[in-house]
Undergrad: 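Starting off with a structure, shown below.
Note that ligands are numbered from 1 as they come in the structure, with each ligand's atoms numbered from 1 the same way.
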Amino acid sequence: MQPVKTAAVIHDLSGVGRCALTVVLPVISAMGIQACPVPTAVLSTHTGGFDNMASVDLTDLMGDYLAHWRSLGLRFDAVYSGYLANCAQAEHVMRLMRESGGLSVVDPVMGDEGEMYSALPADIPAEMRMLCAAADVITPNLTEAALLLEESYTDAPRTDAEVEHMLRGLLKLGAKRVVLTGVPKADGRMANAYMTQGDRMHSETTFEHLGVHYPGTGDLFASVLTGAMVQGDSLSRAVQRAADFVYRAIDITIPVKTEPRMGVQFEKILHELKCEQN
Ligand code: PXL
């Protein structure tokens with residue numbers, strides 16, 4: 001019998017709205033991996049579609065928090081980082097990734113649908129660029145890719161050549177692998193496109209565009225992807241499993257007609273995530 005694998009997960013704790021740690025922790029656990037959270041901030045709700053949140057930035061705690069972990073000699077099979085509340089948090093994440101030695105996944109959480117999240121500092125893209133350079137896998141959406149590449153955002157359908165151009169630009173930041181999520185294609189479908197340094201061409205998995213947007217689905221995607229890779233899946237298999245799970249979660253949420261800002265009802269399908277590599 002092997003001990004369960006471990007993942008340090010760096011994200012905020014938003015009390016309502018199903019994103020960040022409230023998504024990451026159950027998903028990673030359901031995949032049979034011990035999730036060890038490093039909370040970057042606590043918010044009463046996420047910032048996508050709510051106002052007047054109560055919140056606290058936990059940057060001041062993070063140094064001591066991780067110093068304690070260091071004194072315990074902890075190592076993780078993966079370090080996965082998402083929403084950072086403050087630019088100073090990036091250094092801590094870099095150090096944890098470096099010292100941990102396992103898989104590093106950076107979801108450069110900064111915005112969606114062309115808008116940066118309201119509570120983020122304006123200079124966060126520079127820090128995220130630095131983090132991406134040190135990562136094994138990065139998982140930007142189109143908005144985040146535009147911020148990382150300092151390009152303007154458009155949600156116009158992309159040709160294969162345009163997708164590959166973006167992926168190559170993102171790989172130039174230094175990450176070993178890039179997964180670009182939620183790319184509209186000319187046939188009306190959406191793609192998750194991915195590429196590894198040295199690949200001759202990129203790959204895509206496409207899915208039907210369900211036409212509704214829920215916050216937190218990027219966090220769901222990155223969580224399943226991280227879990228799958230820790231379980232030993234190839235990148236292509238991990239992308240497929242993550243895409244399938246997010247699609248299912250959206251598909252079962254639409255008929256319930258809940259407010260989109262409340263997120264997807266992934267609790268109903270958590271049991272579909274396999275504990276073992278399949
Ligand atoms: O799902 C990304 C996310 C994470 N954390 C906070 C957010 C959002 C998206 O709105 O507001 C605080």
Side-chain angles (χ1 to χ4, degrees), residues 7-28 35 37-59 61-62 79-90 92-93 105-122 124-125 127-128 131-132 137-148 153 155 179-182 190 192 212-227 242-243 245-247 249-250 253 258-267:
V9 293
I10 305 146
H11 235 306
D12 67 274
L13 181 68
S14 287
V16 164
R18 295 188 182 91
C19 72
L21 287 177
T22 61
V23 165
V24 178
L25 295 176
V27 165
I28 297 284
V38 182
T40 56
V42 178
L43 300 91
S44 49
T45 67
H46 64 66
T47 64
F50 294 97
D51 298 315
N52 306 318
M53 291 75 65
S55 68
V56 59
D57 173 332
L58 295 178
T59 310
L61 175 68
M62 202 179 268
V79 174
Y80 154 35
S81 80
Y83 185 95
L84 303 185
N86 186 304
C87 291
Q89 296 183 344
H92 292 297
V93 177
V105 177
V106 170
D107 186 8
V109 174
M110 291 188 284
D112 211 350
E113 298 185 299
E115 300 287 334
M116 204 155 132
Y117 295 134
S118 57
L120 286 176
I124 197 83
E127 299 298 323
M128 284 297 188
L131 259 190
C132 286
V137 186
I138 62 172
T139 60
N141 60 27
L142 270 187
T143 304
E144 291 151 356
L147 289 166
L148 291 171
Y153 169 84
D155 61 1
V179 183
L180 180 61
T181 62
M190 299 288 274
N192 292 306
V212 197
H213 180 78
Y214 294 94
T217 49
D219 305 337
L220 201 55
F221 181 92
S223 301
V224 178
L225 181 98
T226 301
F245 191 75
V246 172
Y247 181 88
I250 296 173
T253 303
T258 41
E259 283 184 80
R261 66 181 182 173
M262 291 302 185
V264 288
Q265 313 225 328
F266 70 94
E267 298 88 352

Undergrad: A side-chain contact here means heavy atoms from C-beta on lying under 4.5 Å apart; do Thr143 and Glu115 qualify?
TA: no
Undergrad: How about Thr59 and Gln89: does a side-chain donor come under 3.5 Å of a side-chain acceptor?
TA: yes
Undergrad: Check each atom of ligand 1 against the heavy atoms of Ser14 and keep those under 4.0 Å away; list them by number with element.
TA: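 What qualifies from ligand 1 is 12 (C).
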Undergrad: Measure the CG-CG distance between Leu84 and Leu131 for me, rounded to the nearest 0.5 Å.
TA: 6.0 Å
Undergrad: If you count the atoms of ligand 1 from 1 in the order shown, which ones are under 4.0 Å from a heavy atom of Gly216?
TA: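 Those qualifying, in numeric order: 1 (O).
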Undergrad: For atom 2 (C) of ligand 1, what's the nearest protein heavy-atom neighbour? Residue, atom name and distance, please.
TA: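 Heavy-atom neighbour on the protein nearest atom 2 (C) of ligand 1: Asp219 OD2, 3.3 Å.
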Undergrad: What residue and heavy atom of the protein are closest to atom 5 (N) of ligand 1, and at what distance?
TA: Asp12 OD1, 2.6 Å
Undergrad: Of all heavy-atom pairs between Cys19 and Gly216, which one has the smallest distance, and what is that distance?
TA: CB-CA, 3.8 Å
Undergrad: Dump the intermediate steps for side chain to side chain contact (heavy atoms under 4.5 Å, CB included) on Ile138 and Glu144, then the final yes or no.
TA: CA-CA 11 Å; Ile138 62 172; Glu144 291 151 356; over 6 Å; no
Undergrad: Is the closest N or O pair between Thr47 and ligand 1 shorter than 3.5 Å?
TA: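 Thr47 vs ligand 1: N/O contact under 3.5 Å present.
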Undergrad: For atom 7 (C) of ligand 1, what's the nearest protein heavy-atom neighbour? Residue, atom name and distance, please.
TA: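 So the nearest neighbour among protein heavy atoms is His46 CB, 3.7 Å.
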